[in-house]
*Asks:* 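My questions all concern the structure below.
Throughout, a chain's letter reflects where its sequence line sits, starting with A, and its residues are numbered from 1. Just so you know, these numbers come straight off a predicted model, no measurement behind them.
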Number of protein chains: 4
Amino acid sequence: MAVAEPDDSARRRAPRVDAIRNREAIVEAAAEVLAEQGTAVDVREIARRSGVGMGTLYRHFPKKEDLVHTVLRQDFSRWAESARRTATDAEDPWAALTDFYEQALTGCARHRAMMENFALTWSVPDLDGIRQLRLVIEELCARAGAAGLLRPGVTTDDLLLLLLSLGHAVQITDDCRPQMWNRLLRISLDGLRADHREPLPTDAAPDDVARSLHG
Amino acid sequence: MAVAEPDDSARRRAPRVDAIRNREAIVEAAAEVLAEQGTAVDVREIARRSGVGMGTLYRHFPKKEDLVHTVLRQDFSRWAESARRTATDAEDPWAALTDFYEQALTGCARHRAMMENFALTWSVPDLDGIRQLRLVIEELCARAGAAGLLRPGVTTDDLLLLLLSLGHAVQITDDCRPQMWNRLLRISLDGLRADHREPLPTDAAPDDVARSLHG
Amino acid sequence: MAVAEPDDSARRRAPRVDAIRNREAIVEAAAEVLAEQGTAVDVREIARRSGVGMGTLYRHFPKKEDLVHTVLRQDFSRWAESARRTATDAEDPWAALTDFYEQALTGCARHRAMMENFALTWSVPDLDGIRQLRLVIEELCARAGAAGLLRPGVTTDDLLLLLLSLGHAVQITDDCRPQMWNRLLRISLDGLRADHREPLPTDAAPDDVARSLHG
Amino acid sequence: MAVAEPDDSARRRAPRVDAIRNREAIVEAAAEVLAEQGTAVDVREIARRSGVGMGTLYRHFPKKEDLVHTVLRQDFSRWAESARRTATDAEDPWAALTDFYEQALTGCARHRAMMENFALTWSVPDLDGIRQLRLVIEELCARAGAAGLLRPGVTTDDLLLLLLSLGHAVQITDDCRPQMWNRLLRISLDGLRADHREPLPTDAAPDDVARSLHG
DNA sequence: AATGAATGAGGCTTCATTCAT
DNA sequence: CATGAATGAAGCCTCATTCAT
């Protein structure tokens, strides 16, 4: 069967080589400009940089949003994966956490659009990309928690929001103080250590707060 | 001096009452919409809400940017001042720090443009507004440092960047998890306590790093 | 009171003179090109002919559709009114009907967009413009009916559809055979005379048809 | 001749089977979508429905217009033929006329592009398709005229324009009042009967009018 | 010869800024 | 000096047609 269908494959393979190349060129160019300028870029700029016409771009991505989503999905995935690998490489659970943040924060320094949307994903958590990140963080959280290294009560959401928060700091300082965020990271991570036993405030509704206080 | 230029002053004072009123109306309206919608807002919307025409608006502020800056300067000042007062009210240096952040973060929750530009002010530190905040923080830093409560090596810039970083988290979570940032704040503040003695990394250039290590 | 409010009127009259002139220029130009080319015209062409920029056009008519509707409402009204006046001038009810059609059909000869939308108004009868026409026709129908001149069973809708139908014929033949539609009009009107007593088919649903046949 | 150019014919016959099949598929698909959506349809839609690529489509029909013309020629022919057959089946000349219109009008109800172009064919009478219709109508005209059933002075053009005119009414009302046009048809046909002896106006130019009156 | 990807002119609309009244 | 109308450069997107495979 693998050798069969010579007609069919002949009919379909030929044109796609170029199309795929173009599609990739578009995505690559888009990733570049989205990282540089955020989602406000002119679609024409992307077309120009990919070396294709507007029509080609719109054939592959009928709406600007589609292209943006595609790029961000990819970049989020790569970002999460690279951070995950770094974390996995560490033997010590705490080092895993530390390395994860370092890798992730280094990786988001120059990606404006990604951070723009990272922010959005909080209120729209169903957006792809954040899921992988959550999974990685969940694991790190569990691992450090099991090892008794993590401050009690710290949740995956806390760690995710910390990433988001520091990610913003990274972007802001990347141009003029490229390593400054590292100091903030140390501080925050130290605040996450198990030797801090003071309970964290809940962010629940008033009723729940009362209950948690009196229960 | 008061008697001088009677014609001139007569000619100019009368209209200036209106002019000032208009200017204030514009700034007030701009503050509103900038908080709500960020700097991407349509200038017409500002004119509409202030009840003045476009011409008047542009007479007072030749560029949209000028108006934005004016508003942000004002809002930054008020923001800084309100946080400063809260900090000053606290007797304990650490409580001062805590209250400062709480007040400041609560105050930036619904001000989109301010946080947008808070980010910019880092790379453009000459922009007004951040100065006052720096001053306040400097004081808090010194006070907590003198009391031996602050982790050694923590700088004003660290505390400023932390504010910026958490401010972003606040904006992101304000809609759906309005108090969540408080947990992050506790964690970060705990990381700032003096019982953490591990030195923070420098963010200096390689040469400086070497020097700081060997000096 | 008429002399009062000099400020107010001064504040408001001045700019509007130009604005109204522009608005009228736009509507006039639009009426022209819509008549010539139908609703498919480029908005730029309208702007060019009115001598205003795109922004001005869009200030007055936020959507192309708004402009089109405005023009068509106006043209429909004028069209209906002119036909109504002609009909009213006739003393004989039958002459009124004849004159109405002649006037209306002459008036729609060169108005592409109007006929385009006249067609639409059948399935979307709430659109303005057709109402006036219906009213006029209703009157003519009643008048001719009361005089015993109209074929029994003829409805306002029949006369309206006839107008629409002949209007199309007018447009088609206007370029090369400008008066040809007049022959069709005579024929149709003769078919509407009371001496034709054969009942017209209903266009009702099957059940109603059955009922009308057996009742 | 049949033996000549064996190579050439061999080279060409084989692919032509496919080519013809493709051409037919294109025309068939085009007929469908043109009927549904009119000539404004996207060429891609036609290619999609015919199952061929754009290149193939454009090889057979270098311009969209060419394809449209081809389809319309065909559809006009079929339309005319079907109406002709219906007319021929009737024994009574008047019934032939009636049946012809009924058949033709029923047949054009759902063919948007055909009616669009039916209109054009009037000013561009050399366009194919209308000829056959004219021939049929000419025959009907002659037949009814010979039988003394047709109003004197009625021409083939009158009947053709009536068809066009009613065809438009049919399209307009087809969605919401599917049989309403039948009433208009009765009225018009009654106006065509021989008992109306009033002469029809000429549509000639003034000079010709004068000549016709005095000659 | 078939495929369908590529092209790019042109359509609608927005908005910072200028200008006539 | 206030007003708000006018301007026009972009921005997003569609679609008839061409071209590489």
*Asks:* Is it true that a side-chain atom of E116(B) and a backbone atom of T39(B) form a donor plus acceptor pair closer than 3.5 Å?
*Replies:* yes
*Asks:* Rounding to a whole Å, what distance do you find between K63(A):NZ and dG11(F):P?
*Replies:* 18 Å
*Asks:* Reading DNA chain E from 5' onward, which residue's closest nucleotide shows up sooner: G53(D) or E65(C)?
*Replies:* G53(D)
*Asks:* Is there a donor-acceptor pair closer than 3.5 Å between any side-chain N or O of D66(D) and the backbone N or O of K63(D)?
*Replies:* yes
*Asks:* Of the options dA5(F), dT17(F), dG10(E), whose atoms approach the side-chain atoms of V43(D) most closely?
*Replies:* dT17(F)
*Asks:* Distance check needed: dG11(F) C1' versus Q37(A) CD, whole Å only.
*Replies:* 14 Å
*Asks:* Pick the nucleotide of DNA chain F nearest each of R23(C) and G55(A); which residue has the one closer to the 5' end?
*Replies:* R23(C)
*Asks:* Any strand is fair game: report the nucleotide pairing with dT3(E) by Watson-Crick or G-U wobble, both distances under 3.5 Å, or none.
*Replies:* dA20(F)
*Asks:* For H60(A) and dC12(F), give me the distance from atom NE2 to atom P, rounded to whole Å.
*Replies:* 18 Å
*Asks:* Using the closest heavy atom to pick a nucleotide of DNA chain F for each, name whichever of A40(D) or R21(A) lands nearer the 5' end.
*Replies:* A40(D)
*Asks:* Kindly point out which of dT14(F), dT17(E), dA2(E) is positioned nearest to the side chain of N22(D)?
*Replies:* dA2(E)
*Asks:* Nearest to the side chain of Y58(B), which nucleotide is it out of dT13(E), dT17(E), dT18(F)?
*Replies:* dT17(E)
*Asks:* Establish, with yes or no, whether the OP1 or OP2 oxygen of dT3(E) is under 4.0 angstrom from a side-chain nitrogen or oxygen of T56(D).
*Replies:* yes
*Asks:* Would you mind telling me which of dT14(E), dC12(E), dA16(F) lies closest to the side-chain atoms of R44(C)?
*Replies:* dC12(E)
*Asks:* Look at the side chain of V52(A) and decide which nucleotide, out of dT7(E), dA5(E), dC13(F), has an atom nearest to it.
*Replies:* dT7(E)
*Asks:* Nearest whole Å is fine: how far is dT3(E) C1' from R48(D) CZ?
*Replies:* 15 Å
*Asks:* Report yes if some heavy atom in the side chain of R49(D) is under 4.5 Å from a heavy atom in the side chain of E45(D); otherwise report no.
*Replies:* yes
*Asks:* What is the distance from CD1 of I46(B) to P of dT17(E), rounded to the nearest Å?
*Replies:* 11 Å
*Asks:* Nearest to the side chain of D18(A), heavy atoms from C-beta on, is which of dA16(E), dT13(E), dA20(F)?
*Replies:* dA20(F)
*Asks:* With rounding to the nearest 0.5 angstrom, report the CG to CG distance, L57(D) to N22(D).
*Replies:* 9.5 Å
*Asks:* Atom CG of L57(C) and atom P of dC15(E): how far apart are they, to the nearest Å?
*Replies:* 17 Å
*Asks:* Looking at Q171(B) and H111(B), would you say the former's side chain and the latter's main chain have a donor-acceptor pair under 3.5 Å?
*Replies:* yes
*Asks:* Hey, is the main chain of Y58(B) close enough, under 3.5 Å, to the side chain of K64(B) for a donor-acceptor pair?
*Replies:* no
*Asks:* Could you check how far CZ of F61(A) sits from P of dT14(F), rounded to whole Å?
*Replies:* 15 Å
*Asks:* Considering only side-chain heavy atoms of R59(C), which listed nucleotide, dA5(F), dT14(F), dA2(E), is closest?
*Replies:* dA5(F)
*Asks:* What is the distance, rounded to the nearest whole Å, between atom CE of M54(B) and atom P of dA20(E)?
*Replies:* 16 Å
*Asks:* Tell me which nucleotide, if any, is Watson-Crick or G-U wobble paired with dA9(F) when both distances must be under 3.5 Å.
*Replies:* dT14(E)
*Asks:* Using the side-chain heavy atoms of D42(A), tell me which of these nucleotides is nearest: dT14(F), dG4(F), dG11(F).
*Replies:* dG11(F)
